[in-house]
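Structure, as structure tokens:
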Amino acid sequence: MKMVMAVIKPFKLDEVRDALTELGVQGVTVTEVRGFGRQKGHTEIYRGAEYEVNYLPKLKLELAVNDDLFDRVIETIANTAKTGQIGDGKLFAWDLPTAVRIRTGESGSDAL
Amino acid sequence: MKMVMAVIKPFKLDEVRDALTELGVQGVTVTEVRGFGRQKGHTEIYRGAEYEVNYLPKLKLELAVNDDLFDRVIETIANTAKTGQIGDGKLFAWDLPTAVRIRTGESGSDAL
Amino acid sequence: MKMVMAVIKPFKLDEVRDALTELGVQGVTVTEVRGFGRQKGHTEIYRGAEYEVNYLPKLKLELAVNDDLFDRVIETIANTAKTGQIGDGKLFAWDLPTAVRIRTGESGSDAL
Amino acid sequence: MSEVSRRPNKVAKFATTLAVAGAFLGLAEPAMAAEELNSGDTAWMLTSSLLVLLMTVPGVALFYGGMVRKKNVLATLMQSFAVCCMATIIWMVIGYSLAFSGEGPFVGDLGQVFLMGIGVDSMSGTIPESVFMMFQMTFAIITPALITGAVAERIKFSSLMVFLGLWLVVVYAPICHWVWGGGGFLGGAGVLDFAGGTVVHINSGVAALVLCLVLGKRIGYGRENLAPHNLVLTIIGASLLWVGWFGFNAGSELAADGNAGMAMAVTQIAAAAAALAWMFAEWFTRGKPSVLGIASGAVAGLVAITPAAGFVLPSGALALGLLAGFGCFFAVMWLKHKLGYDDALDVFGVHGIGGIIGAVLTGVFAVEAVGGTPGLLEGNGAQVGLQLYGIGVTIAYSAIVTFILIKLVGAVMGLRVEEDEEREGLDVSLHGESIS
Amino acid sequence: MSEVSRRPNKVAKFATTLAVAGAFLGLAEPAMAAEELNSGDTAWMLTSSLLVLLMTVPGVALFYGGMVRKKNVLATLMQSFAVCCMATIIWMVIGYSLAFSGEGPFVGDLGQVFLMGIGVDSMSGTIPESVFMMFQMTFAIITPALITGAVAERIKFSSLMVFLGLWLVVVYAPICHWVWGGGGFLGGAGVLDFAGGTVVHINSGVAALVLCLVLGKRIGYGRENLAPHNLVLTIIGASLLWVGWFGFNAGSELAADGNAGMAMAVTQIAAAAAALAWMFAEWFTRGKPSVLGIASGAVAGLVAITPAAGFVLPSGALALGLLAGFGCFFAVMWLKHKLGYDDALDVFGVHGIGGIIGAVLTGVFAVEAVGGTPGLLEGNGAQVGLQLYGIGVTIAYSAIVTFILIKLVGAVMGLRVEEDEEREGLDVSLHGESIS
Amino acid sequence: MSEVSRRPNKVAKFATTLAVAGAFLGLAEPAMAAEELNSGDTAWMLTSSLLVLLMTVPGVALFYGGMVRKKNVLATLMQSFAVCCMATIIWMVIGYSLAFSGEGPFVGDLGQVFLMGIGVDSMSGTIPESVFMMFQMTFAIITPALITGAVAERIKFSSLMVFLGLWLVVVYAPICHWVWGGGGFLGGAGVLDFAGGTVVHINSGVAALVLCLVLGKRIGYGRENLAPHNLVLTIIGASLLWVGWFGFNAGSELAADGNAGMAMAVTQIAAAAAALAWMFAEWFTRGKPSVLGIASGAVAGLVAITPAAGFVLPSGALALGLLAGFGCFFAVMWLKHKLGYDDALDVFGVHGIGGIIGAVLTGVFAVEAVGGTPGLLEGNGAQVGLQLYGIGVTIAYSAIVTFILIKLVGAVMGLRVEEDEEREGLDVSLHGESIS
Ligand SMILES: Nc1ncnc2c1ncn2[C@@H]1O[C@H](COP(=O)(O)OP(=O)(O)O)[C@@H](O)[C@H]1O
Ligand SMILES: Nc1ncnc2c1ncn2[C@@H]1O[C@H](COP(=O)(O)OP(=O)(O)O)[C@@H](O)[C@H]1O
Ligand SMILES: Nc1ncnc2c1ncn2[C@@H]1O[C@H](COP(=O)(O)OP(=O)(O)O)[C@@H](O)[C@H]1O
């Protein structure tokens with residue numbers, strides 16, 4: 001199994017999720033994050049001071065996937081989350097030896 | 001060392017933490033997340049439109065643990081977070097070669 | 001590549017980011033988290049009940065870095081985030097075989 | 001309809017003023033003095049009516065909404081808002097008539113159902129009857145709204161509405177008649193209640209206690225952290241309660257005169273004194289003065305001065321406020337935990353106990369030169385007895401009838417939401433909405 | 001300036017009162033009766049003015065602000081706040097004069113630009129003219145502020161301001177004159193509009209519809225979740241609208257008297273009835289009563305009773321409120337989706353439709369004993385025709401001129417923010433701020 | 001007690017009115033005219049009192065609370081709320097007496113400590129003295145509450161309370177007496193201050209500046225992002241300040257008459273003008289109009305019109321508002337950074353500078369036909385000199401005594417929280433609470 005972590009633009013969430021569901025991915029965990037990267041933030045004005053707010057709101061998706069699905073998951077996210085503009089985000093993945101479904105105690109790929 | 005990531009139902013937090021403390025786990029980092037999975041979300045009504053809010057509020061626990069504690073940690077979380085109902089959440093874990101305590105610079109299992 | 005995850009005190013964010021930028025790190029993803037650890041929380045008073053609020057607001061930084069930068073990143077974070085007082089936080093890191101930049105499809109260290 | 005029993009001294013004074021004015025103008029004394037519209041009094045009563053409305057929406061709604069957990073905030077606001085709507089209609093249909101039409105000792109009659117007979121020229125003293133009706137309506141709105149705090153975070157919306165609707169007719173309207181209605185037996189006996197210490201606060205506080213005892217505790221009570229999610233809302237609510245309360249207390253004079261002015265001043269002083277009392281009590285016993293504490297203290301002071309507002313001087317208000325602040329602090333911080341009920345937002349501790357303290361102390365601090373009736377400190381110990389009589393009757397009736405009603409409603413349609421719904425939060429489970 | 005056409009019965013009644021009073025005092029009838037300042041009426045009108053101001057800031061601001069997504073909340077508040085400032089200056093400079101100076105049938109004159117000629121002693125009936133001007137100013141503030149809801153989350157701030165400034169002068173001021181100004185042709189024809197059903201609500205509702213049709217839908221409409229981010233704000237806003245509306249409706253009597261009292265009572269009843277109607281309609285058709293629903297219903301009821309407030313009795317208000325609640329529910333839940341426009345915060349559905357329902361039903365439920373004019377139920381079917389005439393003229397003028405103005409502004413400076421700015425949210429992109 | 005020095009023209013006019021009325025009624029001129037209660041005036045003053053109270057809780061509380069970081073919001077609300085309670089008691093105990101009892105030039109006497117001697121029949125002009133006392137109390141509440149903004153996010157709650165309590169007695173009460181008290185030397189000299197430009201705003205602004213200079217900057221000032229956490233609260237606060245300010249300014253007429261109406265109108269116009277001035281200034285110099293900017297501008301306009309409200313016409317108010325908006329924008333955006341003090345919420349920049357601008361311009365724009373005193377534009381240049389005299393004396397006294405007091409309090413109990421507490425946020429460290 002692999003743990004996939006994707007940082008995407010917030011408004012792409014629904015699209016990405018739909019695409020993943022079609023692939024057969026059943027679970028995703030999503031976190032609101034602030035992204036710092038090449039994409040510049042905006043300036044906030046505050047009474048005589050300008051603050052460079054140099055982060056941007058992003059969503060982080062974490063999903064554990066089976067090895068057989070892995071390539072297609074990466075591809076799918078990469079395609080659907082893409083707008084072609086700076087700040088589209090990143091995909092990271094690493095090996096995941098252990099997974100457990102708490103409700104049933106199942107482990108390994110049965111747990112996903 | 002292992003990095004353990006658990007997604008649980010929010011109201012189970014206190015119980016899980018107490019159980020982990022008893023085991024000797026000293027640190028946990030908790031994030032509010034939205035979970036998409038088998039458990040269905042609810043419907044929100046908004047003036048003539050019904051939105052399927054298909055995520056559920058969950059908590060994500062991240063904890064780095066020593067290898068000797070690892071099995072018991074997995075077991076403990078799996079047991080205390082369990083209600084037996086859909087949506088109880090998941091446990092994931094992977095190898096963690098590096099850990100540092102910022103305050104002291106200690107590294108490895110001393111850092112936990 | 002390595003995935004680095006750091007839990008730090010919130011007010012250290014700007015300093016840490018500046019230091020990382022100097023090193024050449026171009027991207028970081030930040031999440032607001034609650035930390036449970038050795039540092040004690042505070043007590044909230046609520047009409048006849050005192051609640052021990054035993055978590056503390058922390059920030060979690062996640063950054064994928066190239067192997068050549070890795071040691072310096074760890075060192076830099078450890079140094080800048082340090083106040084020497086309890087609760088300074090932790091650094092964790094593990095191997096990261098896969099990284100993709102969604103905008104361009106570049107992968108590996110080009111994606112960072 | 002008559003509020004004569006309520007403030008005899010006022011009418012008397014008014015007559016005197018008129019007589020003097022009449023003499024001054026070289027005219028005969030007018031016969032139907034009370035029937036002439038006074039635009040100043042009317043202006044103040046129009047204002048007072050909306051001040052009391054402001055106390056409920058958004059006052060109570062926010063005061064309570066800030067104290068619950070985030071997942072229940074909309075449901076809590078909804079309760080106040082819906083009660084406001086429902087009580088308006090019930091009061092119009094039958095409540096006003098039961099409370100203020102007719103001269104029976106225990107309850108009014110059906111002579112003014114649907115507000116029949118009230119036209120643009122109907123008068124009530126120096127103000128239009130429509131205004132008097134509206135002013136009283138706002139009292140009938142806030143009283144059930146206050147009760148909702150005790151059962152927050154777990155009661156079914158439908159059951160709550162049905163219960164409160166019945167309660168308004170069967171409990172509130174009669175007690176209102178006893179104290180302020182023509183021929184009402186408590187008012188007639190000389191029990192002093194200027195603006196609703198018994199009718200509104202003891203009544204709602206006792207009903208709240210009965211309700212939360214019947215309903216049981218919230219899931220996680222004593223184990224999970226049930227602390228307020230956003231006291232900013234609570235402070236806004238408490239502030240609007242404070243500001244609106246002048247409609248309550250100074251408005252109950254039904255005129256813009258020196259008694260109204262004094263009622264406003266003593267209300268302000270008692271509220272401030274009680275807030276400081278609670279703040280210092282908490283500071284000394286717990287180490288920190290909390291925002292929730294000072295806000296609760298202010299409300300406790302406002303509750304306690306309510307029955308007394310037209311009868312005491314500033315110095316009496318200061319003492320009364322301090323005592324109410326300490327008393328309610330004690331009730332909420334200690335008594336509740338001893339007795340072990342889960343009155344979620346402390347309706348009984350603040351309104352019940354505060355109302356009782358205020359009603360008793362009205363009998364102590366009343367000053368003849370202000371409201372026409374002397375109190376214990378002016379040698380009239382009997383007034384304290386009268387006050388206790390009023391308190392006792394109100395508690396007994398409110399407790400018993402509330403208990404019967406809630407059991408009835410529970411038997412027919414159940415009272416609590418499902419455990420899952422409670423865990424998920426009432427916002428989503430009952431109303432399909434949530435705040436982000 | 002004259003509001004005689006507006007409420008002839010009131011002036012008549014006042015004259016009678018004076019005559020009686022005069023006789024009573026053994027005096028000759030005063031010649032310039034209307035010019036004597038009544039401090040009670042003035043007190044109420046001072047209060048009413050600020051109540052209506054409160055409706056806009058923070059009332060409408062919060063009501064709307066809570067309904068948008070989090071990234072647009074400050075921009076939404078900003079719109080109401082800036083409109084409040086701009087309309088104040090425009091009204092002072094030229095609006096008041098166009099609406100209330102002179103006696104032309106279609107528009108006033110420039111006799112009072114910059115409020116020239118209004119001094120501390122100028123009177124308007126029994127109140128100072130400065131107060132009448134101020135009261136009317138608050139109407140001129142809220143009307144454009146209401147419109148902003150339709151175009152929320154996508155319009156350029158600069159274009160919106162320019163458009164609304166022009167609209168106030170070219171659309172609002174004339175319509176205001178038609179109905180309430182001296183010699184205005186709608187008021188003169190006998191169209192009843194007590195407090196602004198046509199002038200304020202139909203007018204702003206229709207303009208809102210035209211605007212959102214021209215502007216187009218929000219990005220993601222129908223696909224992304226555009227649900228309200230924080231209905232707590234919406235409930236605060238709705239509550240302040242409710243409370244402030246008494247300034248609107250009871251204030252439009254321009255006096256603290258029995259008609260004002262009755263206007264207040266019927267306003268309360270209609271609001272509550274409509275709120276309950278919407279709540280139950282939603283409960284039955286969707287399974288859950290929502291907080292947004294009950295709040296929307298209350299506003300719908302307030303809108304609908306606005307033209308009728310000085311003409312109906314409580315029972316009429318109850319019926320009117322129920323009908324308005326159901327009618328607006330239907331418009332928002334069904335009609336909007338059928339027609340497929342994106343009226344972001346349902347300005348047309350609530351103010352437009354609610355205003356039309358109210359204006360028609362005013363002709364139905366009007367009672368001669370209240371406002372001097374009988375309605376359909378008292379046998380005067382012609383009044384309904386008159387009402388339809390007023391509605392039709394208002395809709396036509398408002399729709400056409402709004403369309404021309406918005407096209408003009410769009411041609412000169414564009415209307416919508418860039419797609420990226422809309423995605424990022426207007427708070428940051430237009431105002432450089434955000435809430436955490 | 002006497003407010004004669006304050007508004008001589010009003011009393012004169014009132015006497016004339018009475019004379020005319022008397023003549024009209026064929027009566028002799030009444031001897032004790034000022035002592036007859038006017039219910040309309042009383043209604044308005046009851047309303048005004050609670051409007052000014054509303055300005056502090058929740059007005060100032062929210063205005064400030066929204067501007068601090070999330071971890072300090074409750075502490076900021078707590079400051080306003082606790083000041084409200086404390087000032088109430090201090091005013092009752094001694095403040096009112098020092099300000100309004102007796103006829104000394106510099107300070108009142110102890111003749112009315114604990115409000116002794118004020119009964120339900122005591123009069124102050126045409127309103128009950130209880131109402132006048134209450135109205136003035138709300139001024140004594142808001143003035144110290146305003147100061148808290150300068151020291152937000154770092155001062156110890158206990159030290160702040162002790163300081164402000166002393167300040168109220170030693171600084172506020174005397175200055176209040178100078179300007180409005182019987183025999184007060186500034187009022188006697190002819191310095192114009194209708195509603196508190198010097199007494200409230202310059203006074204609090206200067207004290208705020210001294211305080212934040214003594215206290216030092218917040219940790220992270222100039223390095224960390226200290227931007228407002230939730231401007232929604234700030235907009236609610238600004239709106240309530242705006243609405244409540246009519247109690248301040250139109251209430252200071254102490255009657256519901258043409259002067260009150262004009263005061264209300266000019267207040268509205270000046271606030272709007274200043275808000276627009278700030279907005280455009282920011283738009284042009286920074287590229288975006290901010291929500292905080294327009295709200296700050298509105299408050300600046302309200303501050304500046306305060307001393308002038310009873311003396312100018314709408315056109316004067318427009319000019320005054322525009323100048324105040326630009327002036328305060330300049331002070332906050334540029335002057336503060338040049339001088340380098342950390343006035344957290346710009347109390348000096350808005351209230352100090354705005355108050356000074358307003359006080360000077362009162363001397364410029366005053367119109368004899370409005371308030372009885374001509375200004376520079378009507379040829380009375382001396383009035384500007386008088387105004388500068390009043391400003392100078394107020395600044396000097398306020399600055400010096402504030403400095404002594406704060407040093408004293410600092411020496412005895414310290415002023416700032418621990419560095420750790422400041423980092424953690426005052427909500428948790430001082431009050432044991434937090435918002436989620
Ligand atoms: N090395 C990294 N480690 C972790 N997160 C990163 C890294 N680089 C970028 N990110 C995340 O991805 C987001 C997008 O990156 P950015 O450099 O702005 O644009 P792009 O994805 O087009 O290269 C950032 O806001 C940040 O959250
Ligand atoms: N493959 C996955 N990767 C990451 N998180 C997952 C995955 N599957 C489920 N989750 C998380 O676990 C939560 C519970 O999963 P769900 O399928 O609803 O029920 P159950 O745990 O009973 O199988 C989800 O809400 C989601 O946050
Ligand atoms: N084993 C762990 N796994 C994950 N996070 C941890 C772990 N231990 C500590 N943390 C995080 O690091 C923060 C600081 O740890 P703490 O024990 O309080 O102080 P210190 O870093 O000085 O040892 C905690 O609040 C928690 O968020």
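These values consider heavy atoms only, across backbone and side chains, with no hydrogens, waters or symmetry-generated copies. Numbered from 1 within each chain, the chains take letters A, B, ... in sequence-line order.
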Heavy-atom distances under 4.5 Å only: say whether [X] touches chain B with side chain, backbone, both or neither.
X      : result
K58(C) : neither
I74(C) : side chain
N79(C) : neither
Q85(C) : backbone

Report the distance from atom OG1 of T29(B) to atom CE of M5(C), rounding to the nearest 0.5 Å.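 One finds 5.5 Å between OG1 of T29(B) and CE of M5(C).
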
Hey, what do you get for CG (L91(C)) to OG1 (T98(B)), rounding to the nearest 0.5 Å?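 Answer for the CG-OG1 pair, L91(C) versus T98(B), is 9.5 Å.
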
Which bit of [X] is near chain C, if near means a heavy-atom gap under 4.5 Å: side chain, backbone, both or neither?
X      : value
M3(B)  : side chain
L59(B) : side chain
L13(B) : side chain

With respect to chain B, which residue among A6(C), G84(C), G35(C) yields the maximal number of heavy-atom pairs within a distance under 4.5 Å?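 With the most close heavy-atom pairs to chain B, the winner is G84(C).
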
Kindly state each residue pair satisfying salt bridge (Lys or Arg N to Asp or Glu O under 4.0 Å) with at least one member in residues 96-110 of chain C, sequence neighbours excluded.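 Checked against salt bridge (Lys or Arg N to Asp or Glu O under 4.0 Å) - neighbours excluded - the pairs reaching residues 96-110 of chain C are R101(C)-E106(C).
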
Going by heavy atoms in the side chains, are E32(B) and R34(C) under 4.5 Å from each other?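 Yes. Closest side-chain heavy atoms under 4.5 Å.
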
Does V7(C) reach the side chain of E62(B), with side-chain heavy atoms less than 4.5 Å apart?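 SC-SC contact between V7(C) and E62(B) ruled out.
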
Specify the closest pair of heavy atoms between [X] and [Y], including all atoms of both residues, with the distance to one decimal.
X      : Y      : value
K60(C) : T31(B) : NZ-OG1, 4.2 Å
A99(B) : F92(C) : CB-CD2, 3.7 Å
P97(B) : A93(C) : CD-O, 3.2 Å

Please name all residues satisfying salt bridge (Lys or Arg N to Asp or Glu O under 4.0 Å) with D95(B), sequence neighbours left out, ordered by chain then number.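 Only K2(B) meet the salt bridge (Lys or Arg N to Asp or Glu O under 4.0 Å) criterion with D95(B).
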
